[in-house]
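Below is one structure, written out as structure tokens, with a few remarks after it.
Both counts, for ligands and for their atoms, begin at 1 and track the order of listing.
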Amino acid sequence: MVHKLEAQFVTSAAKPDQFPVDRQFGPLLPEIAFLGRSNVGKSSLLNALAGGEKVAFVSQTPGRTQLINFFRIGTDLMFVDLPGYGYAKVPKAITQDWQALIESYLLNRENLQLCVILLDARRGWMEKDRELRTWLEHHGRAYIVAATKIDKLTQNEQHRGLAAIRAETGGDIFPVSAPSGRGVRELWQTIWKTRQTNQ
Ligand code: GDP
């Protein structure tokens, strides 16, 4: 285990006016946003980052998946779980609503310090991920990349997969595995440093 900080669910937002405001749930904290395609391993990674406690981050929780979910990590940081994108079965009208919600958060949230884009290490950058990356770069939002499910690749595949991801990435890349915990400490340290340098 990398650390022991309590992860506590704070609130869900379906609309921008439901994003937490100062003093509503305590002072506004620096926020780290997690983004990725559905099934990329976001909930599993959030659980691993929070010290392996399966308390809060459950992707299947009914009603929470289309919302932006805020979790306080210890006393100093908020993890923000954004809805997974790219799920083919979702009607277009709904994805447009999500997009508006996500864009509103990413554009306007002043205490957002860092975005973590999750990519499945086996698949690398896909169209929707590229759109997101381009959008973040255009709007000057800092991001890093976590390559998930690295344990599913052989050494050779890891080498090739990570090189392909790196070739398209401006920021740092963190290969991670939720079950083995590989890379979780390194990712956590980077997140923690970001928080400190922005305080
Ligand atoms: P989410 O939809 O992005 O929140 O994805 P989940 O965390 O629910 O994971 C989707 C599926 O991938 C589940 O069956 C997980 O057990 C599996 N999974 C997630 N992360 C990893 C990983 O690092 N390694 C392996 N082997 N499986 C993973």
Side-chain angles (χ1 to χ4, degrees), residues 1-3 7-14 31-71 73 78-91 94-95 97-99 101-102 105-106 114-133 136 143-162 164-166 172-191:
M1 195 177 298
V2 276
H3 56 276
Q8 196 188 0
F9 173 71
V10 174
T11 190
S12 291
E31 291 178 352
I32 312 291
F34 294 82
L35 296 132
R37 295 173 61 85
S38 300
N39 214 40
V40 71
K42 183 152 52 71
S43 312
S44 305
L45 180 62
L46 285 167
N47 278 308
L49 281 168
E53 281 186 76
K54 289 224 182 270
V55 277
F57 312 108
V58 182
S59 57
Q60 298 89 344
T61 305
R64 272 203 203 164
T65 50
Q66 298 163 26
L67 307 171
I68 297 184
N69 297 301
F70 295 80
F71 299 88
I73 305 297
M78 195 87 94
F79 278 2
V80 183
D81 182 8
L82 285 104
Y85 50 81
Y87 188 55
K89 285 183 190 145
V90 176
I94 293 183
T95 60
D97 283 354
W98 292 358
Q99 201 169 336
L101 179 69
I102 294 171
Y105 174 80
L106 294 174
L114 181 68
C115 297
V116 183
I117 303 179
L118 279 69
L119 302 179
D120 187 321
R122 297 167 298 178
R123 299 201 170 87
W125 288 102
M126 296 180 73
E127 191 190 338
K128 293 262 181 249
D129 308 310
R130 291 194 178 98
E131 282 173 19
L132 170 65
R133 184 191 66 208
L136 291 176
Y143 72 89
I144 56 175
V145 171
T148 63
K149 309 189 187 182
I150 198 77
D151 55 284
K152 292 199 176 194
L153 277 67
T154 64
Q155 287 289 341
N156 267 341
E157 288 168 342
Q158 287 182 24
H159 195 72
R160 263 183 280 132
L162 292 173
I165 292 173
R166 192 164 285 121
D172 290 335
I173 298 174
F174 297 85
V176 290
S177 163
S180 80
R182 179 181 157 193
V184 173
R185 177 196 292 270
E186 289 79 2
L187 179 58
W188 171 256
Q189 283 170 346
T190 293
I191 288 171

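The main-chain N or O of I150 is found under 3.5 Å from a side-chain atom of Q158 such that the two form a donor-acceptor pair.
Looking at ligand 1, you won't find any N or O of V176 less than 3.5 Å from one of its N or O atoms. Distances between N or O atoms of S38 and those of ligand 1 include no value under 3.5 Å.
Looking at L153 and L162, their side chains never come closer than 4.5 Å, going by heavy atoms from C-beta outward. Counting heavy atoms from C-beta outward, Y85 and Q99 have side chains that stay 4.5 Å or more apart.
Short contacts between ligand 1 and S44, defined as distances under 4.0 Å to a heavy atom of the residue, involve ligand atoms 6 (P), 7 (O), 9 (O), 15 (C), 19 (C), 20 (N). Near N39, meaning under 4.0 Å from any of its heavy atoms, are these atoms of ligand 1: 1 (P), 2 (O), 3 (O), 5 (O), 10 (C), 11 (C).
One option in K152, K149, R182 has a heavy atom closer to atom 12 (O) of ligand 1 than any other, and that option is K149. The closest non-hydrogen atom to atom 22 (C) of ligand 1, taken over G41, S177, P179, comes from P179.
Considering I144, V145, L35 in turn, I144 is the only one that fulfils the side chain to side chain contact (heavy atoms under 4.5 Å, CB included) rule with V116.
Note on ligand 1: T148 sits outside its first shell, no heavy atom being nearer than 4.0 Å.
Contact detail for D120 and T148: the closest heavy-atom pair is CA-OG1, 3.5 Å.
Of all the heavy atoms of D151, the ones lying under 4.0 Å from any atom of ligand 1 belong exclusively to the side chain.
The pair D151-R182 does not meet the salt-bridge criterion, since no charged nitrogen lies less than 4.0 angstrom from a carboxylate oxygen.
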